[in-house]
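Heads up, the thing below is written out as structure tokens.
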Amino acid sequence: MQRLNSLWQIVNAASTVRDMAQTTRTYHFTIAENATFYLRAEHADVKVIRWSRPVVEVMVRLQAAFGWRVAVEQDEAGVYMAAARRTVVGGLSSARFEVRVPYTAYVVLRLEPGSVQLDNVNGVLNLPPAGAPSEE
């Protein structure tokens, strides 16, 4: 029983440290019709949800936030977000992006590597082959 209590204390301490190292931020951007949302991220999980509001909402959850650099910019053409892991400490960190975009917005994701989940999609989805050259 003593070992079980000790193990439970270790699990609780690890959970507390994990929660302290996790940072969540939410960004809101009002955009014009047919604007673009562009996200460039490393080793991230991205969930894209379409909705009818003329707002881009991005909830970013960073594990070990000290290992990330995040930049966000908006202009008349759209919203641009870049998230890169820092060289040394970034290997310990992870990121999850939950992006809500209007039905009329263009979405461009550049993931190096990453995973994507799409909700409320209506239309054509065009994914280039894995080895295709980028347009940059």
Side-chain angles (χ1 to χ4, degrees):
M1 191 61 148
Q2 178 74 14
R3 287 184 182 168
L4 186 57
N5 285 336
S6 295
L7 180 60
W8 189 249
Q9 289 173 347
I10 291 170
V11 168
N12 283 336
S15 178
T16 300
V17 169
R18 183 199 71 219
D19 292 344
M20 287 178 4
Q22 185 171 311
T23 301
T24 302
R25 289 191 184 134
T26 303
Y27 301 89
H28 295 92
F29 305 94
T30 302
I31 62 169
E33 204 167 301
N34 297 324
T36 298
F37 172 76
Y38 176 89
L39 172 64
R40 181 176 186 162
E42 300 174 352
H43 299 279
D45 296 325
V46 180
K47 181 176 183 179
V48 178
I49 303 164
R50 295 288 194 167
W51 65 355
S52 59
R53 295 179 58 198
V55 173
V56 171
E57 178 183 279
V58 183
M59 185 186 69
V60 181
R61 182 172 293 125
L62 302 175
Q63 185 70 33
F66 55 83
W68 286 92
R69 291 175 292 141
V70 178
V72 182
E73 189 173 311
Q74 181 180 16
D75 63 17
E76 63 279 347
V79 176
Y80 311 92
M81 179 174 273
R85 296 190 316 174
R86 295 184 186 273
T87 306
V88 176
V89 295
L92 305 171
S93 57
S94 62
R96 174 141 178 90
F97 295 83
E98 187 171 297
V99 182
R100 287 178 165 71
V101 294
Y103 289 109
T104 60
Y106 293 95
V107 177
V108 179
L109 304 175
R110 180 165 185 158
L111 305 177
E112 302 170 359
S115 65
V116 178
Q117 177 183 340
L118 302 172
D119 289 350
N120 265 347
V121 177
N122 182 15
V124 176
L125 180 62
N126 185 0
L127 298 172
S134 68
E135 295 181 14
E136 286 187 20

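Side chains included, hydrogens not; waters and symmetry mates left out as well; all remaining heavy atoms used.
- With contacts defined as side-chain heavy-atom distances shorter than 4.5 Å, the pair Val58/Thr26 does not qualify.
- At distances below 3.5 Å, at least one donor-acceptor pair connects side-chain atoms of Arg50 with backbone N or O atoms of Pro102.
- The side chain to side chain contact (heavy atoms under 4.5 Å, CB included) with Tyr27 is formed by just one residue from the set Gln74, Met81, Glu57; it is Met81.
- Between Phe97 and Ala41, the shortest heavy-atom contact is CE1-CB, 4.0 Å.
- A distance of 8.5 Å separates CZ in Arg53 from OG1 in Thr30, rounded to the nearest 0.5 Å.
- The salt bridge (Lys or Arg N to Asp or Glu O under 4.0 Å) check on Glu42 picks up nothing, with sequence neighbours excluded.
- Here the rule is side chain to side chain contact (heavy atoms under 4.5 Å, CB included) with Thr24, and of Met59, Glu98, Arg96 only Met59 fits it.
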What verdict does the side chain to side chain contact (heavy atoms under 4.5 Å, CB included) test give for Val116 and Leu111, after you've listed the backbone C-alpha separation in whole Å, the side-chain angles of each residue and the deciding distance to 0.1 Å?
CA-CA 9 Å; Val116 178; Leu111 305 177; 3.3 Å; yes

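- By the salt bridge (Lys or Arg N to Asp or Glu O under 4.0 Å) test, Asp45 is found to be paired with no residue, residues two or more places apart in sequence or in another chain being considered.
- Put simply, the side chain of Tyr80 does not reach to within 4.5 Å of the side chain of Val72, judged on heavy atoms.
- Residue Trp68 comes nearest to Ala95 through the heavy atom pair CZ2-CB, 3.4 Å, listed as atom of the first residue, atom of the second, then distance.
- With a 4.5 Å cut-off on side-chain heavy atoms, Tyr38 and Leu109 do not count as touching.
- Put simply, NE2 on His43 and OG on Ser115 are 12.0 Å apart, with the number rounded to the nearest 0.5 Å.
- Using a distance-only test at 3.5 Å, with no hydrogens or angles considered, no donor-acceptor pair links the side chain of Gln63 to the main chain of Thr23.
- Glu33 is not listed as a side-chain neighbour of Pro54, based on a closest heavy-atom distance of 4.5 Å or more.
- More than 12 heavy atoms of other residues, nucleotides or ligands shown are found within 6.0 angstrom of CD on Glu112.
- A pairwise comparison of heavy atoms in Tyr103 and Ser52 identifies CE1-N, 3.6 Å as the closest pair.
- Residues Val48 and Tyr106 are members of separate hydrophobic clusters, defined by side-chain heavy-atom contacts under 4.5 angstrom among Ile, Leu, Val, Met, Phe, Trp and Tyr.
- Scanning all heavy atoms of the two residues, the minimum distance from Phe37 to Val99 falls at CE2-CG1, 3.6 Å.
- Under the 4.5 Å side-chain heavy-atom criterion for Ile, Leu, Val, Met, Phe, Trp and Tyr, Val46 and Trp51 are members of distinct hydrophobic clusters.
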